[in-house]
Protein chains: 2
Amino acid sequence: MAVTIKDIAKYAGVSVTTVSRALNGYPDVSEETREKIKKIAEELNYSPNSIARGLVTNKTHTVGLVVSELIKPGAYHPFFLEILAGIKAGLRKDKYDLILYTVDPASQDVTPYEKLCNDRKVDGAIVEGLKLSDPYIDEIKNTKIPTVLIDIPILNDKVGYVSSDNVQAAFEATSYLVKLGHKNIGFINGHNDAAVSFERLEGYKKALYKSNIPYKDEYVVFDDFTQDGGYNCFRKMIFENPEITAVFHASDLMAIGSLKAAQDLGMRVPEDISIVGFDDIELASLITPGLTTVRQENYKIGYMAARHLISIIKGEKPKHIVVPHRLVIRQSAKKI
Amino acid sequence: MAVTIKDIAKYAGVSVTTVSRALNGYPDVSEETREKIKKIAEELNYSPNSIARGLVTNKTHTVGLVVSELIKPGAYHPFFLEILAGIKAGLRKDKYDLILYTVDPASQDVTPYEKLCNDRKVDGAIVEGLKLSDPYIDEIKNTKIPTVLIDIPILNDKVGYVSSDNVQAAFEATSYLVKLGHKNIGFINGHNDAAVSFERLEGYKKALYKSNIPYKDEYVVFDDFTQDGGYNCFRKMIFENPEITAVFHASDLMAIGSLKAAQDLGMRVPEDISIVGFDDIELASLITPGLTTVRQENYKIGYMAARHLISIIKGEKPKHIVVPHRLVIRQSAKKI
DNA sequence: AAATTAAACCAAAACGTTTTGGAAAAGGTG
DNA sequence: CACCTTTTCCAAAACGTTTTGGTTTAATTT
């Protein structure tokens, strides 16, 4: 059996209370005994039973990461890893552990959000990749569990969120195309089930408005954030509006889909059509032509989410944290 | 406060013992009271406190996933997500939760393996991405904690491993190149700190031997599994051995590096040089030319690892599980 | 009717901590 | 020296379960 606080107490000839208080840095134990206890604990290779501790403190020093759609067949979440890495880095400082929940809306097993968290007694949770229509959203709107969402604007007593400034980012991307001389600019947006889609549309509109380019409904179309989505949308859009010379996309995957579609249609990128994406996934720099896109600092988003969650757990007020983005100019968009 | 077993006992007018035994399906409680208790539990929205349970049963129904090098700057682990998805699927059946440890050899905080696991009281762990030189390896060799390794051959009372048949896979890939008529076949291998590197080298040699092609030391070179590694190795290899017409790689990233290098050197793939990779990452099908490569069933590897770990936890004997691979033929290798 | 067995239940201990509410010892003050 | 503080310690309770080792009641067998 593992060595417990009792063993130490016995060895040291003190009570378990004293051992506990010595090890946890309480002031009411003399330096002398504290040292003795610490030494014994060291020698016995003692490490506290976190379960027992959790039972009494009602804190586990564990946070959940709730992620949806990790495993959409054929399309692994393109930047989950970056976010995850950021989260881990953010948690490391305060020694929080991470327990990973992948919720699969398809599966029957739709454990309610609060139950999910309470069953494992996490101190808080980060939520990522949820659609607006997900039932969790409503639950989270009035949960008492410290929660930080990524890319979903919900704010209350215990929940905050972090995201890029999608309006501004889309504004910049579209403005860049305008600056290159494009007037007929399509927008292949993500589905309506994502908060970012609305924000990006707003940014797109804003950029057009500012340049006195009339907004046309038929120039914007919604679909999945996937490559196939981009592929199909592009064909349709170009077929119906051949005057379009540039297309802005709500994701790099979609942009890459468009790229393929353009190639298949015998169009050259960027000579015949300019393409701009969103995300700056790894792939964006590897394909030819390199994809001009909006870089999201996903690592930082994850990092901030973790730090903010910890602060909420510690009692601070939740807020909206915006993480900077930047336009990465490569070869897929060109002056006309 | 959350509702406990005591509340139910009070409502039902029975002891906590009976509630516990009723809920856990013990036979010594009448169907009548069992139903009553179940109903009350349902109504009160009771869900057992896993911490308290864990304290007495000494089981947490949680497994750890220990992964190294998740976050090598610039190179996110290319198929971690697939493995992770498989692991989650494998755990779901038995309702095990997953807690994620990313060990960062660079950081000072090298918590010993056993301490890592014991502190959080995981029932077992899956270990992935470790180098052979990692100190964890030695610890795991004689740990008592149920463990399943991915791609690292260690077998004992409590630890098993799962991997592809790397010898056979490399054999097939090399043989394919031989079949295409290549005689001067380079091999850009991974570093010596990975078990798979040795196995793949063996397969490569075997294929040459079988076809009576003499093995040449200068045709094989070791490096990281990264794109840069491939890029640099390829340049060097081709420069020193211009007679080479095909190169087999220990990873797709390296193969892609070679592809870039070849392009930069003005060589056409596959016309001037045939390239074969290993892994079949997503990118492999997206680039042009499509990369011929060995597909590793990473999802399945993860799945099997999880299932096997659970079986070890339940007391079964650890073993080596090999997960099938297959050669995926695309356009990057060609007959000469 | 007494003895045995089976079914249904329960009180208390246990798990390993932290926390509560003191108590004892030591030191200081008048 | 009597009183008050401060310092240092501790016994017991608490956290919410499961498990142990019963007891009680009813049914069955002799």
Side-chain angles (χ1 to χ4, degrees), chain A residues 1-41 44-62 95 97 115 117-123, chain B residues 1-41 44-62 95 97 115 117-123:
Chain A
M1 274 293 94
V3 20
T4 78
I5 215 172
K6 276 186 195 164
D7 302 319
I8 299 179
K10 204 175 294 173
Y11 263 73
V14 298
S15 73
V16 296
T17 308
T18 303
V19 176
S20 173
R21 300 183 77 84
L23 260 23
N24 290 313
Y26 282 71
D28 63 348
V29 33
S30 72
E31 271 318 306
E32 191 186 358
T33 39
R34 187 192 304 277
E35 282 314 316
K36 185 169 71 177
I37 288 170
K38 274 189 172 173
K39 190 153 153 273
I40 293 174
L44 263 43
N45 197 17
Y46 168 75
S47 95
N49 182 324
S50 60
I51 298 285
R53 172 182 291 164
L55 185 57
V56 29
T57 60
N58 212 20
K59 294 256 162 294
T60 54
H61 236 72
T62 303
K95 294 183 186 281
D97 276 326
K115 183 166 164 50
C117 292
N118 282 332
D119 275 8
R120 282 293 166 168
K121 298 271 177 275
V122 297
D123 294 344
Chain B
M1 274 292 95
V3 22
T4 78
I5 216 172
K6 275 187 196 164
D7 301 319
I8 299 180
K10 204 175 294 173
Y11 263 72
V14 299
S15 73
V16 297
T17 308
T18 304
V19 175
S20 174
R21 299 182 78 83
L23 260 22
N24 290 314
Y26 281 72
D28 63 348
V29 33
S30 73
E31 272 317 306
E32 190 186 357
T33 38
R34 187 193 303 278
E35 282 314 315
K36 185 169 70 175
I37 288 170
K38 273 190 172 172
K39 191 154 152 272
I40 293 174
L44 264 43
N45 197 17
Y46 168 75
S47 96
N49 184 323
S50 61
I51 298 286
R53 172 182 291 164
L55 184 56
V56 29
T57 60
N58 213 18
K59 293 258 163 292
T60 54
H61 236 71
T62 303
K95 293 180 185 284
D97 276 326
K115 182 166 165 49
C117 293
N118 282 332
D119 275 8
R120 283 293 166 166
K121 298 273 178 273
V122 297
D123 294 344

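Here is how names work: the chains are called A, B, and so on, in the same order as the sequence lines, proteins then strands, and each is numbered from 1.
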Using heavy-atom distances to pick each residue's nearest nucleotide on DNA chain C, tell me which of B:Val14 and B:Leu55 is more 5'.
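Residue closer to the 5' terminus by nearest nucleotide: B:Val14.
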Assign B:Pro27 to base, sugar-phosphate, or nothing according to its heavy-atom contacts below 4.0 angstrom with the strands shown.
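If one applies the 4.0 Å heavy-atom cut-off, B:Pro27 turns out to touch nothing in the nucleic acid.
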Closer than 4.0 Å, any side-chain N/O of [X] to the OP1 or OP2 of [N]?
X       : N      : answer
B:Thr33 : C:dA8  : no
A:Ser15 : D:dC10 : yes
A:Asn58 : D:dC15 : no
A:Thr18 : D:dC9  : no

I'd like to compare against my own output: the B/S/- annotation of nucleotides 19-26 of chain D with a strict under-4.0 Å heavy-atom distance to protein.
BB------
Picking from B:Thr18, B:Ile37, B:Val14, what satisfies side-chain contact (heavy atoms from CB on, under 4.5 Å) with B:Ile8?
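Only one of B:Thr18, B:Ile37, B:Val14 forms a side-chain contact (heavy atoms from CB on, under 4.5 Å) with B:Ile8, namely B:Ile37.
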Round to a whole Å and report the spacing from [atom1] of [X] to [atom2] of [N].
X       : N      : atom1 : atom2 : answer
A:Glu31 : D:dT8  : CD    : P     : 9 Å
B:Arg34 : C:dA7  : CZ    : P     : 14 Å
B:Ile8  : D:dT18 : CD1   : C1'   : 15 Å
A:Lys59 : D:dC15 : NZ    : C1'   : 13 Å
A:Ile51 : C:dA14 : CD1   : C1'   : 16 Å
B:Asn49 : C:dC15 : CG    : C1'   : 13 Å
B:His61 : D:dT18 : NE2   : P     : 13 Å
B:Lys6  : C:dA11 : NZ    : P     : 13 Å

Heavy-atom pair with the smallest gap, counting every atom of A:Lys121 and A:Thr60:
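Between these two residues, the closest heavy atoms are O-OG1, 2.6 Å.
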Any idea which heavy atoms bring B:Lys95 and B:His61 closest together, and the distance?
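It is O-CD2, 3.2 Å.
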Give every residue pair that meets the side chain to side chain donor-acceptor pair (under 3.5 Å) criterion with at least one member in residues 44-53 of chain A, sequence neighbours excluded.
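Pairs touching residues 44-53 of chain A that pass the test: A:Ser47-B:Asp119.
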Tell me every residue that passes side-chain contact (heavy atoms from CB on, under 4.5 Å) with B:Lys6, counting only those two or more places apart in sequence or in another chain.
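Testing B:Lys6 for side-chain contact (heavy atoms from CB on, under 4.5 Å), a comparison that skips the adjacent residues, returns B:Thr4, B:Val16.
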Evaluate A:Glu31 against A:Arg34 for side chain to side chain contact (heavy atoms under 4.5 Å, CB included), listing each step before the verdict.
CA-CA 5 Å; A:Glu31 271 318 306; A:Arg34 187 192 304 277; 3.3 Å; yes
Assess the residue pair A:Thr62 and A:Arg120 against the criterion (side chain to side chain contact (heavy atoms under 4.5 Å, CB included)); give the C-alpha distance rounded to whole Å, side-chain angles, the decisive distance to 0.1 Å, and a yes or no.
CA-CA 9 Å; A:Thr62 303; A:Arg120 282 293 166 168; over 6 Å; no
